[in-house]
Novice: 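My questions all concern the structure below.
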2 protein chains.
Amino acid sequence: MKGTLPAATVERLPRYLRCLEMLAPSRVTISSKELARLSNLNAAGVRKDLSYLGSFGMRGVGYHVDELAARIRRTLGMTEDRTVVVIGIGNLGSALANYGGFGNRGFRIVGLYDADPAKVGRKAGGITIRPIERLAKDAETTDIAVGIIATPAKAAQGVAALLSEAGVPSILNFAPTVLNVPDGIHLRQVDVATELQILGFYMAGRNRTGGASHPDDPG
Amino acid sequence: MKGTLPAATVERLPRYLRCLEMLAPSRVTISSKELARLSNLNAAGVRKDLSYLGSFGMRGVGYHVDELAARIRRTLGMTEDRTVVVIGIGNLGSALANYGGFGNRGFRIVGLYDADPAKVGRKAGGITIRPIERLAKDAETTDIAVGIIATPAKAAQGVAALLSEAGVPSILNFAPTVLNVPDGIHLRQVDVATELQILGFYMAGRNRTGGASHPDDPG
DNA sequence: TAGATTGTTAATCGATTAACAATC
DNA sequence: TAGATTGTTAATCGATTAACAATC
């Protein structure tokens, strides 16, 4: 049943979970065919993805919704308590601090940091903003699983280095810049401008590349 | 030289552009090897990607930085003027309205909409918030290239339908839900919770999958 | 000429999906 | 039993990358 999961499978698991959570609570089972329809994916692909989580589907019936959701949550580590810090409390950082969607996914914000003395001491989402200089020391006593970078682009690489040195194993970068991190640090990037530019290609595509269509939206 | 571009290539072009923009202005040329290093990709892959934009590299020298940047911009439609509306002006919507990074990438916010009468009439990023009911009518007179959904999850599917019916060809969805849109509508998804869950897998991976490492972060 | 680097080929790798035996 | 659906195989498809002739 196990080993490692293909990267593409890992990136689809959150989407399956979203679909399961949208089902009526009375719903007991779901087939790969219907889950594929809900998630805009292929039924054979859904079955292959789920097969990495074990062999627990019922032939002729489908998958037990609760069990499937539980297996996805466990695989993604959502049953653990994950600590998060946000660095850079501007518009976006504040939005993240106020976002309620972390808790029910196993993530908990334990610190907000900013380099601007005018912001330090103020609160966002009920948490007091601390000076960025404190991050390294705080990391010694508090385990930090993820650092979210929401600073301006120019500051992002420095913050990434700071987080890496402090032993934070995962970084989610919202700053519009390419980051370099040491081997072994997990990095993901969320970039509005990049997404718009990709959409821009497919829009422009209509008068340049003839039949170019967009791929299934990933994740 | 041309036809359509592989989806994976399109998704890397914004990253190349970011790297080029980080170079010193005095920099005249760059080799595929250095661009690969800066963007954390493979040099052969960089050359293959760029070959879709034409054959303009100089053997023994590299690529002319300005020409390369210009070709990427043109391919992504950044030389055109693209109109954007944002629906849902909460924390995130406000952050988007105030984000300065659109203009220099060819995107211009022409409308903000919200369903909450208390928000209508207020401003964000210098633009007055209009009632969501006005969107369809506004779309008749103003060309809208992209609709950004920043509403709560529950409202997102309805807004997506509204945008599609109004003839908006591209949607960027920030709401934490899976959307279904008609064929031909370009949809991309930005989802913090999903990104965290993917990171969560690789964190948990350390005590489950043995040697599982994360893939190169995409885009 | 010698060194560097492109553009492209071909091999490899990984992801997707149709098909179907197994089985509920 | 008949119908439905899984789990898996094998074919296909697309993406990545090493290698190298072409050439600046």
Side-chain angles (χ1 to χ4, degrees), chain A residues 1-13 15-16 20 27-65 67-68 71-72 198 209 211-219, chain B residues 1-13 15-16 20 27-65 67-68 71-72 198 209 211-219:
Chain A
M1 117 187 206
K2 237 351 178 350
T4 188
L5 279 67
T9 296
V10 173
E11 306 204 352
R12 280 187 295 263
L13 293 180
R15 171 182 287 242
Y16 297 140
L20 296 176
R27 188 63 181 278
V28 177
T29 63
I30 188 169
S31 68
S32 62
K33 187 177 166 187
E34 183 170 6
L35 187 50
R37 188 179 57 74
L38 291 175
S39 54
N40 295 319
L41 297 166
N42 173 284
V46 168
R47 291 198 296 279
K48 192 166 232 295
D49 282 342
L50 300 189
S51 74
Y52 292 107
L53 308 185
S55 180
F56 57 101
M58 294 165 286
R59 286 168 141 97
V61 180
Y63 301 86
H64 196 281
V65 172
E67 180 179 13
L68 175 50
R71 285 190 189 239
I72 293 176
I198 294 168
T209 63
S213 178
H214 73 302
D216 278 335
D217 63 299
Chain B
M1 112 186 208
K2 238 345 181 355
T4 190
L5 278 67
T9 295
V10 172
E11 305 204 353
R12 281 187 294 262
L13 292 180
R15 173 183 285 243
Y16 297 141
L20 295 176
R27 188 61 181 279
V28 177
T29 63
I30 188 169
S31 67
S32 61
K33 186 175 167 190
E34 183 170 6
L35 187 50
R37 187 178 57 75
L38 291 175
S39 53
N40 294 320
L41 297 166
N42 172 284
V46 169
R47 290 197 297 279
K48 193 167 232 297
D49 283 341
L50 300 189
S51 74
Y52 292 108
L53 308 184
S55 179
F56 58 100
M58 294 166 284
R59 286 170 143 94
V61 179
Y63 301 87
H64 194 281
V65 173
E67 180 178 15
L68 175 51
R71 285 188 187 240
I72 293 176
I198 294 170
T209 64
S213 178
H214 72 304
D216 277 337
D217 63 299

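Residue numbering restarts at 1 for every chain, and letters A, B, ... go by the order of the sequence lines. Just so it is clear, the values below take in all heavy atoms, side chains as well, and ignore hydrogens, waters and symmetry mates.
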Novice: Going by the side-chain contact (heavy atoms from CB on, under 4.5 Å) test, name the single residue among B/Leu68, B/Val65, B/Asp49 that passes it with B/Leu35.
Specialist: B/Leu68
Novice: Which nucleotide sits closest to the side chain of B/Arg12: C/dT16, D/dT17, D/dT16?
Specialist: D/dT16
Novice: Less than 4.5 Å apart, side chain to side chain, heavy atoms only: is that true for B/Leu53 and B/Leu5?
Specialist: yes
Novice: Considering every strand and a 4.0 Å limit on heavy-atom distances, what is the contact class for B/Gly62: base, sugar-phosphate, or nothing?
Specialist: sugar-phosphate
Novice: Reading DNA chain D from 5' onward, which residue's closest nucleotide shows up sooner: B/Met58 or A/Met58?
Specialist: A/Met58
Novice: So which nucleotide from C/dG7, D/dT8, C/dA15 ends up closest to the side chain of B/Arg47?
Specialist: C/dG7
Novice: So which nucleotide from C/dT8, D/dT6, D/dT23 ends up closest to the side chain of B/Arg59?
Specialist: D/dT23
Novice: Please report the distance, rounded to the nearest Å, between NZ in A/Lys48 and P in C/dA15.
Specialist: 10 Å
Novice: Whole angstrom is fine here: how far is it from OH in B/Tyr52 over to P in D/dG14?
Specialist: 11 Å
Novice: Rounded to whole angstroms, how far apart are CG on B/Leu35 and P on C/dG7?
Specialist: 13 Å
Novice: Give the rounded distance in Å between these two atoms: NZ of B/Lys33 and P of D/dA19.
Specialist: 15 Å
Novice: Tell me whether the OP1 or OP2 atom of C/dT6 has a side-chain N or O from B/Ser32 closer than 4.0 Å.
Specialist: yes
Novice: Base, sugar-phosphate, or nothing for B/Gly57, non-hydrogen atoms under 4.0 angstrom?
Specialist: sugar-phosphate
Novice: Quick check: do B/Leu50 and B/Arg71 have side-chain heavy atoms less than 4.5 Å from each other?
Specialist: no
Novice: Scan every strand shown for a Watson-Crick or G-U wobble partner of C/dC20, both distances under 3.5 Å, and answer none if you come up empty.
Specialist: D/dG7
Novice: Atom CG of A/Leu50 and atom P of D/dT5: how far apart are they, to the nearest Å?
Specialist: 15 Å
Novice: What nucleotide among C/dT17, C/dA10, D/dA15 has an atom nearest to a side-chain atom of A/Asn42?
Specialist: C/dT17
Novice: If the cut-off is 4.0 Å, is B/Tyr63 near the phosphate of C/dG7, judged by side-chain N/O to OP1 or OP2?
Specialist: yes
Novice: For the backbone of A/Thr29 and the side chain of A/Arg27, can you confirm whether one donor and one acceptor N or O come within less than 3.5 Å of each other?
Specialist: yes
Novice: Can you tell me the Watson-Crick or wobble partner of C/dG14, both distances under 3.5 angstrom?
Specialist: D/dC13
Novice: Round to a whole Å and report the spacing from NE2 of B/His64 to P of D/dC24.
Specialist: 17 Å
Novice: Check the pair B/Tyr63 / B/Arg47 against side chain to side chain contact (heavy atoms under 4.5 Å, CB included), numbers first and verdict last.
Specialist: CA-CA 10 Å; B/Tyr63 301 87; B/Arg47 290 197 297 279; 3.7 Å; yes
Novice: Round to the nearest Å and state the distance from B/Glu34 atom CD to C/dA4 atom P.
Specialist: 15 Å
Novice: Quick one: which of C/dT6, D/dG7, C/dA18 gets closest to the side chain of A/Ser55?
Specialist: D/dG7
Novice: Quickly work out the B/Phe56 CZ to C/dG7 C1' distance and round it to whole Å.
Specialist: 11 Å
